[in-house]
Every structure is written in structure tokens, then in C-alpha cells.
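Computed from a prediction, not measured in an experiment: that's the story for all the values here.
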Amino acid sequence: MAIKIVILTVCVFGFLQFARAQKHKDQNIIITIDGNDRVQIIHNFGASGCWFSEPIGKYWPSPKREHIAELLFSRELDNAGNPRGIGLSAWRFNIGGGTAEQGDGSGIKDVNHRVECFLNSNGTYDWSKQPGYRWFLTKAKEYGVENLVAFSNTPPIQFTQNGLGYKTSKDGFANLKPAKYAAYADFLTEVVKHFDKEGLHFNYISPVNEPQWDWAGKFGEAKQEGSPWTNEEIYNVIKPLDSFLTAKKLKTKILATEAGMLAFLYDNKTAASRQIQRFFADTSHLNFRNLTCVPPIIDGHSYFTDSNDSSLVSVRKHVADTAKKYGVEFWQSEYSMLGDGYKEGSKIKRSAMDCALFLAKVIHNDLVAGNASAWQYWNAYEPGKADFDTRYYLIALQPDPDFKNGSYAETKNLWALGHYSLFIRPGMQRLQVQRSDNLNDIEAAQKTMISAYKDDNGRMVIVAINYTTKEQSISIKVKNFKPIKTVRAYVTTAAKDENMKASLARSIDSSIALPSRSISTIVMN
């Protein structure tokens, strides 16, 4: 009898151990991808060079700034097959308003947030201005970055109503003098024309930034250049800019409107809201469709719509639905973890990998729920640490007090963006993904998020984000696509040396393990 009891106890214990193990092991997800089930075409993945391109590009020792450029722009692999950089396909260049020349008289507190202007007060141009910004612009071109985007936060200070690069009153109207709309448009055109002659063609120019915010500050405490704009004022800038670009036979296209929050693209009742409808509805008197240089693209920023997974998905689906209704593409043109959504309820510091995973989740939902055809990050580099709460930057700077030298560190955010930017190249098309667990977008946001892309040369790319604390495995089935010969994964985890680390090539028949709390890009040729 005693023997039977022991045997029974061992059996029960073994069963419980087996059951416990099964509970902590997720099922294998079968991913089915149809090469004919195509969605949006991807134009680019990019980042902005504000504000610290100027001191880094102007002063920092060549080896340091060269390596920073390599991290951002390189598409090369090292001898072990690991990426040297994240291969951005867009770079955003800030056209300054002249607050740097004003010095402390600009009223902007941080000296690095003051930017020079190519236009002098006497009407002449000085193209030696912004040498640091120009250095990174040139490097982007040398590395083959396909899309250069120029943007402006404020008109030149000589055109503004208060002679400053920001507002001192909260009236919601532009800081541009009513008589200077054409002058501002001509200035932007001259900048484009000059850089074209230098071999630095701007594919796009964006004349307004986050027009919904008041950009008001007390003198001496202002944070940066900026101006609000109503939709009427935006149209009154873009119409002459379109005319000048056309008259000077320049091929640069105009982007509108850099909405400060995605909901402003389709909703709200302010003078700078419902911008898809205002600028692309046939019945609107502000319709851009008769302008030569304005493509059917609406761009907005993903700030403040990431407080929870339900909002993250629903806002982007609303953007996608409204954009589809009016026949326009949506570009996500600026995002960092500005709000507290990235904390996901945590009261402690978020690790670098936590931040990277949250960033990847936002990118995924902008692409999958929002159908974004371009995605651009703010900011490429800023002062900060690389280990915790890396919410604003891809590269953490530890500058000297005068910013003329310093050290820097890669963050996990850099590689999170790289999982998309390096492998999903301009012209690739997103494909719908069918998954055996049938999770919807909101459910997947806390588990495993998967998206797929293809080019015309028999190459498919899958980005898989395992948000859980358990290892996950996926199997891939492909339909209506050329036979897959090789599969290779690039994986980022919390481990210090695992940043898009390359795995050995394998066949498509074998399942692929996704480590816990990881991002994987799977390249199939």
C-alpha cells in the first residue's frame, strides 16, 4: 500500500510539473502570408536631426561624428553578418528661422534650440549657415539615403509678427506677418533651389509644424522655434509655395500638415483640425488637389495617442479609414515617447528594452492599424542615458558643457527602429498576415505583433515583436510567392550585445523561436 501511495504521489507530482510547464509555454503560431494580399506601399523610414546636429556636425571629432552617421545611415553588415547601422531611408533637415543669430535676444532658453537662418536681414543669403546640420545632410546623401525632407518650425524672424521665432500670445494664429506669405514661400523655394545645385535634392518640404499647438512662451523661457497655423493660413502658405516651386521648375513636393496629434487629422473642432477633410475633400475651398506640387499625402504625429492599447489601435484605424475615404496616404512624420503611455502603468524607470518594445509597438500599429506608408522618428540624438527611460532619442549623448565634444551611446530604440528601416526599403509593400491564434490588433499588442512586407525581387521581410515574458515560436506559410530558399533572423533582446544580431540561415520549414521581450526581423529570399 505504501508503495502505491509513493507511486501515485510521484505521478501526480509529474503531471503537475508537466501542466505547469505547458502553462508557461505559448503555442506555436502559424503565420500565413499571401503574396497577392497587398496593402500599402512603404516609402521610407526616417529620423530628424534636431537639435544637436549643429554642435556634433560642426565641432565633434571626426571619428565620433562619422560613427554616429554610420549608425544612422549605413546598410552594411559586418563580418559576422550583423548590421553596422539602421539604414534610414529618410532624413529630416531643419530649416532654421534665425534665432541663433539673436543669441539671448531670441528668448529661447536652450542655446542648442536656437537655429541659424540662411536669409540675412538685408535680404541676401548666407549658405555657410547651419554647417553642422549640413554636415549630416551631406552624410545622409553619401550613404544613399533615398529621401531628404526639409522642414521649418518658424518663418525667418524678419517675417514674424513679433520679431521672434515663437509666439508670445496664445491666440492660435500664425506668427507670420500677413504681407509676408509670399516672401516666406519664396524663401523656402530658394533653400530648395540652392541645395538642388549642391546635389542635395529635397524630395519633400514641410512648411508648417504642429499647427494646433500655440507655441507661446515667456521671453527667456521659450523652448524652441514654433508657430501655430489655422487651416486657412496653412493653405495661404502652401498655395504660393506650390507656385514658386512650379515656376522655378523644382521637383520637390510639399508635405502637409505635420499635425501635432493624429486625431486632428480627422476630428476636433479647432481652426486647425479635420485636416484630411479640409485639404482633400472635393467640396472644400482649401482643397490641395489642384496644386501641382502637393501629393495626396497627409502627415501627422503619433504623440499622445498611446496611453493604452485600445486607443493606440482605434485612433490609427480611424486615420486609415478617413484617409482611404478621401484617397490620401498617411505618413507618420514624428514620434517619440513624449507622453507617459510608454510606462504602461509602471511607477519605476523603464529599461532600455522596455522603451524599445513600446516604440516597436507604436511603429507596428502605425503601419498595420493606421496603414502609414512612411514612419519618421523624433529625435536622432539628444542628451540622456542609454539604460533607462530612453524616451526621446535613438542615440544618447553625454556632451561636454560647451557641446563641442562628448561621448555617446546606442540605445535599444535605435535597433528597434532599425528592425524596420534597414530591411523594409522604399517601394516594398505590406502584406496582410493571417495568424492561427486569431488575435485582433488590441489583443496582439500585449502578446506577439507580426507584420510582413515584400519587394518585387522575391524578398519577403517579417517583423515579429514578442511582448511577453515567455519564449514564443512561429511557423511561416507563404502563398502566391516565389519559392523561399533561405530564412535568416535578426534579433534584439535586453542583452547588451544582442542588437539585431544575425542568426544562421535556415529553411522556411523550421519554426522560428522569438525570445521573450524581443524584436525579430526575419528576412526570406
When every non-hydrogen atom of Tyr133 is compared with those of Gly49, the smallest separation belongs to CE2-O, 3.8 Å
Over 12 foreign heavy atoms within 6.0 Å of CZ, Phe403: yes
Which heavy atom in Glu334 sits nearest to a heavy atom in Asn209, and how many Å separate them? OE1-OD1, 3.9 Å
Are side-chain heavy atoms of Arg350 and Glu344 found at a separation under 4.5 Å? yes
Do the non-hydrogen side-chain atoms of Arg430 and Asn371 ever get within less than 4.5 Å of each other? yes
Sole candidate of Asn82, Thr521, Leu422 that passes side-chain contact (heavy atoms from CB on, under 4.5 Å) when paired with Met500: Leu422
NZ/NE/NH1/NH2 to OD/OE distance under 4.0 Å, Asp387 and Lys496: no
Does any N or O in the side chain of Gln161 come within less than 3.5 Å of the main-chain N or O of Ala174, such that one atom is a donor and the other an acceptor? yes
For the aromatic rings, using the six-membered ring if either is Trp, is the centroid distance between Tyr204 and Trp331 under 6.0 Å? yes
Can we call the ring centroids of Tyr408 and His67 under 6.0 Å apart? yes
Look at the aromatic rings of Tyr125 and Phe187 and report parallel, tilted or perpendicular, splitting at 30° and 60°. parallel
Is it true that Trp378 and Tyr303 have ring centroids separated by less than 6.0 Å? no
How close do Asn466 and Leu357 get, heavy atom to heavy atom, and via which atoms? O-CD2, 4.1 Å
Count the heavy atoms of every other residue, nucleotide or ligand shown that sit under 6.0 Å from NZ of Lys109, and state whether that count exceeds 12. no
Under 3.5 Å: donor-acceptor pair, side chain of Lys170, backbone of Ala216: no
Value for NE2 (His419) from CD1 (Ile465), rounded to nearest 0.5 Å, stands at 9.5 Å
Verify, without hydrogens or angle tests, whether Glu116 (side chain) and Ala100 (backbone) share a donor-acceptor contact under 3.5 angstrom. no
Give a yes or no on whether Glu142 atom CD has more than 12 heavy-atom contacts from other residues, nucleotides or ligands under 6.0 Å away. yes
Just by distance, with hydrogens left out, do Asn499 and Lys412 show a side-chain donor and acceptor under 3.5 Å apart? yes
Is it the case that the side chains of Ser89 and Glu146 hold a donor-acceptor pair, with the cut-off being a distance below 3.5 Å and no angle test? no
Side chains of Ser333 and Glu258: is there a donor and an acceptor less than 3.5 Å apart? yes
Any Leu397 side-chain heavy atom under 4.5 Å of Ile56 side chain: yes
Would you compute the distance between atom CZ of Arg65 and atom NZ of Lys139 and round it to the nearest 0.5 angstrom? 8.5 Å
Can you confirm if the aromatic rings of Tyr266 and Phe330 lie within a centre distance of less than 6.0 Å? no
Drop me the distance from Ile238's CD1 to Trp229's CH2, to the nearest 0.5 angstrom. 9.5 Å
Hey, does the side chain of Asp186 reach the backbone of Glu190 with a donor-acceptor pair shorter than 3.5 angstrom? no
More than 12 non-hydrogen atoms from neighbouring residues, nucleotides or ligands closer than 6.0 Å to CG on Asn122, yes or no? yes
Any chance the rings of Phe52 and Tyr393 have centres within less than 6.0 Å? no
Indicate yes or no: at least one non-hydrogen side-chain atom of Val463 is less than 4.5 angstrom from one of Ile363. no
When you compare the side chains of Tyr453 and Ser451, does any donor N or O come within less than 3.5 Å of an acceptor on the partner? yes
Less than 3.5 Å apart, any donor N or O on the side chain of Glu54 or Asn112 sitting next to an acceptor on the other? no
Under-4.0 Å salt bridge between Asp441 and Arg316: no
So how far is it from Asp299 CG to Leu265 CG, rounded to the nearest 0.5 Å? 8.0 Å
Quick one: which of His113, Arg114, Glu101 gives a side-chain contact (heavy atoms from CB on, under 4.5 Å) with Ser106? Arg114
Spacing of Trp135 atom CH2 and Trp60 atom CH2 [to the nearest 0.5 Å]: 11.5 Å
Test item: Ile442 and Leu312 side chains (from C-beta on) under 4.5 Å apart, heavy atoms: no
Donor-acceptor pair, distance only, cut-off 3.5 Å: does the side chain of Ser421 make one with the backbone of Gly87? no
With no hydrogens and no angle check, is any side-chain donor or acceptor of Asn175 less than 3.5 Å from a backbone partner on Thr154? no
Is the backbone N or O of Ala369 less than 3.5 Å from a side-chain atom of Asn365, with the two atoms forming a donor-acceptor pair by type? no
Qualifying residue, where the test is ring-ring contact (aromatic ring centres under 6.0 Å, His included) with Tyr490 and the options are Trp415, Phe423, Tyr420: Phe423
Please verify the inter-ring angle class for Tyr381 with Phe136; under 30° counts as parallel, over 60° as perpendicular, anything in between as tilted. tilted
Could you check whether Lys361 pairs with Asp309 (Lys NZ or Arg NE/NH1/NH2 to Asp/Glu carboxylate O, under 4.0 Å)? yes
Just how far is it from atom CD of Gln472 to atom OG1 of Thr448, taken to the nearest 0.5 Å? 4.0 Å
Kindly indicate, with the supporting measurements, whether the criterion side chain to side chain donor-acceptor pair (under 3.5 Å) is fulfilled by Gln158 and Ser121. CA-CA 7 Å; Gln158 53 266 49; Ser121 58; over 6 Å; no
Under the criterion salt bridge (Lys or Arg N to Asp or Glu O under 4.0 Å), I'd like the reasoning laid out for Glu198 against Arg134: C-alpha separation, chi angles, the key distance, then a yes or no. CA-CA 11 Å; Glu198 296 288 309; Arg134 289 188 289 108; over 6 Å; no
Which heavy atom of Gly370 sits nearest a heavy atom of Ala320, and at what distance? O-CB, 3.5 Å
Heavy atoms from other residues, nucleotides or ligands near NZ of Lys253 exceed 12 (cutoff 6.0 Å): yes
Identified side chain to side chain donor-acceptor pair (under 3.5 Å) partner of Arg517 from the options Asp354, Thr493, Thr469, Thr468: Asp354
Side-chain donor/acceptor of Lys167 to backbone N/O of Trp215, under 3.5 Å: no
Asp104 atom CG, over 12 foreign heavy atoms within 6.0 Å: no
Would you say NZ of Lys64 has more than 12 non-hydrogen atoms from neighbouring residues, nucleotides or ligands within 6.0 angstrom? yes
Evaluate the side-chain proximity of Ile41 to Ser373: yes if any heavy-atom separation is below 4.5 Å, no if none is. no
Side chain to side chain, Leu359 and Met337, heavy atoms closer than 4.5 Å: yes
A side-chain contact here means heavy atoms from C-beta on lying under 4.5 Å apart; do Asn203 and His201 qualify? yes
Output field: ring centroids Phe202/Phe93 closer than 6.0 Å: yes
Keeping Gln376 on the side-chain end and Gln332 on the backbone end, is there a donor-acceptor pair under 3.5 Å? no
Over all heavy atoms of both residues, which pair between Ser311 and Thr305 is shortest? Give the atoms and the distance, please. OG-O, 3.7 Å
Taking all non-hydrogen atoms of both residues into account, name the closest pair between Pro155 and Ser152 and its distance. N-OG, 4.4 Å
Any sub-3.5 Å donor-acceptor pair from Tyr342's side-chain atoms to Asp306's backbone N or O? no
